[in-house]
Amino acid sequence: MPESRVPRRRRFLVCEPRHFAVQYAINPWMHPDTRVDVDLAQEQWQSLIRAYRAHGHTVDTVEPVPGLPDMVFAANSAVVVGGRVFGSLFHAPERRPESTHYETWFKTAGFDVYRPESVCEGEGDLVWTGRYVLAGTGFRTTREAHREVQEFFGHPVISLTLVDPYFYHLDTALFVLDDNNIAYYPEAFSPGSREVLARLYPDAVLATRDDASAFGLNSVSDGRHVFIAPQAEALAARLDARGYVPVPVDLSEFRKAGGGIKCCTQEIRS
């Protein structure tokens, strides 16, 4: 019998995809000649918001800004632990203005915001586990930023090296299931990083490349319910067998920019 999992209510920050488009290429999924169906993107995004609220979660919104097509990917804006906000400094110049708009939202909401000195892309590469921060590097966020994160939060930071450009952010290759476990795609990581993850999480749920390519690891879990891309069928079956409840939400239009459920979701931890 699988374990009975307990959900925990979350607070999320999101940004409507009103201006979503693929206007430049900063990862292998992006092709500027790709046409985005904005109406479909809006419909899919709204289905995610409805799913969160139906499961008891709070959803806040930041106003989208014309000319910032990737602002919908709220996870990259910051990482919030214990009510403290570590902001972002994007690798791509096209995305750097996003940081100011998110910083304004956080400050208006009563948070102080730390501005990193090194390139750092928020929860895209910084994953809070409840005990420490798993921190990705290799394509975007730098190791220098990892040191800044540790100094700011005072929690251990474990650096993990990403090696596959299709999984350019940590949140495309790994997500936290609950305070004790994760799911991840091993081949997205360097050999040493795979060993670290295997030692830390010997019972982790392992995903295939097909799962990861379907953005199945760009998921959000509340400890019981896992909001997951419906195309990641094998991963959903493994999660179900382990006592988690998959909640399929199709955000496939956002894959044109290399994004999915988690990319669109910033968690605010008080």
Side-chain angles (χ1 to χ4, degrees), residues 1-8 10 75 79-82 121-141 143 145-147 149-150 153-164 166-229 232-247 260-263 265 267 269:
M1 287 287 292
E3 297 181 46
S4 177
R5 308 289 181 179
V6 179
R8 188 168 70 237
R10 310 294 174 110
V79 60
V80 186
V81 178
E121 300 203 350
E123 287 189 330
D125 276 323
L126 302 170
V127 177
W128 174 245
T129 68
R131 292 172 289 173
Y132 39 73
V133 178
L134 298 177
T137 191
F139 300 103
R140 301 290 183 83
T141 299
R143 287 186 180 272
H146 294 182
R147 289 191 282 271
V149 170
Q150 182 164 283
F153 287 121
H155 291 294
V157 171
I158 298 169
S159 294
L160 301 168
T161 301
L162 297 161
V163 296
D164 187 326
Y166 280 91
F167 309 109
Y168 58 93
H169 271 156
L170 186 59
D171 73 355
T172 64
L174 176 153
F175 74 97
V176 170
L177 287 163
D178 51 38
D179 288 343
N180 300 306
N181 211 1
I182 65 171
Y184 70 102
Y185 170 50
E187 284 71 23
F189 298 91
S190 68
S193 295
R194 289 200 297 269
E195 288 190 28
V196 168
L197 288 170
R199 292 176 189 276
L200 290 174
Y201 297 100
D203 297 320
V205 177
L206 302 183
T208 66
R209 187 176 185 85
D210 285 345
D211 292 326
S213 296
F215 281 73
L217 292 166
N218 197 241
S219 295
V220 171
S221 172
D222 64 13
R224 174 175 170 79
H225 307 101
V226 179
F227 303 88
I228 187 171
E233 295 179 1
L235 178 57
R238 291 190 193 95
L239 294 169
D240 180 70
R242 298 283 284 270
Y244 299 97
V245 180
V247 180
I261 292 171
K262 176 56 192 171
C263 289
T265 310
E267 183 173 350
R269 304 171 187 84

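Sequence positions, counted from 1, serve as the residue numbers for this chain.
- Note on ring orientation: taking the six-membered ring where Trp is involved, the planes of Y185 and F167 are perpendicular (angle over 60°, cut-offs 30° and 60°).
- The backbone N or O of G136 lies less than 3.5 Å from a partner atom in the side chain of H146, making a donor-acceptor pair.
- In this structure the side chain of R238 reaches within 4.5 angstrom of the side chain of T208, judged on heavy atoms.
- Judged purely by atom type and a 3.5 angstrom limit, E123 uses its side chain to pair as donor or acceptor with the backbone of E267.
- The shortest distance between side-chain heavy atoms of T172 and F215 falls below 4.5 Å.
- Summarising the local packing, OH of Y166 is surrounded by 12 or fewer heavy atoms from other residues, nucleotides or ligands at distances under 6.0 Å.
- With a 4.5 Å cut-off on side-chain heavy atoms, N181 and Y201 count as touching.
- Shortest non-hydrogen contact noted between S159 and S193 is O-OG, 4.5 Å.
- Look at D178 and R242 and you find no salt bridge, because none of the NZ, NE, NH1 or NH2 atoms lies under 4.0 Å from a carboxylate O.
- Between atom OG1 of residue T141 and atom OH of residue Y168 there is a gap of 11.5 Å, rounded to the nearest 0.5 Å.
- Here the side chains of L170 and E121 are not in contact, with every heavy-atom distance at 4.5 Å or above.
- In this structure, V196 and F189 have side chains that are not in contact, with every pair of non-hydrogen atoms separated by 4.5 Å or more.
- Contact detail for A75 and D171: the closest heavy-atom pair is CB-OD2, 4.3 Å.
- Note that OG of S219 is 9.0 Å distant from CG of L177, once rounded to the nearest 0.5 Å.
- Relative to the six-membered ring of Y244, R5 meets both conditions, a distance below 6.0 Å and an angle of at most 45° to the axis.
- Atom CD of Q150 is surrounded by more than 12 heavy atoms from other residues, nucleotides or ligands within 6.0 Å.
- Under the 4.5 Å side-chain criterion, counting only non-hydrogen atoms from C-beta, L162 is in contact with D125.
- W128 and V176 make their closest contact through O-CG2, 3.7 Å (heavy atoms, listed as atom of the first residue, atom of the second, distance).
- A distance of 12.5 Å separates CD1 in I182 from OG in S221, rounded to the nearest 0.5 Å.
- Here the side chains of V133 and V79 are not in contact, with every heavy-atom distance at 4.5 Å or above.
- Residues E187 and R209 are not paired through a salt bridge, judged by the lack of any N-O separation under 4.0 Å between the basic side chain and the carboxylate.
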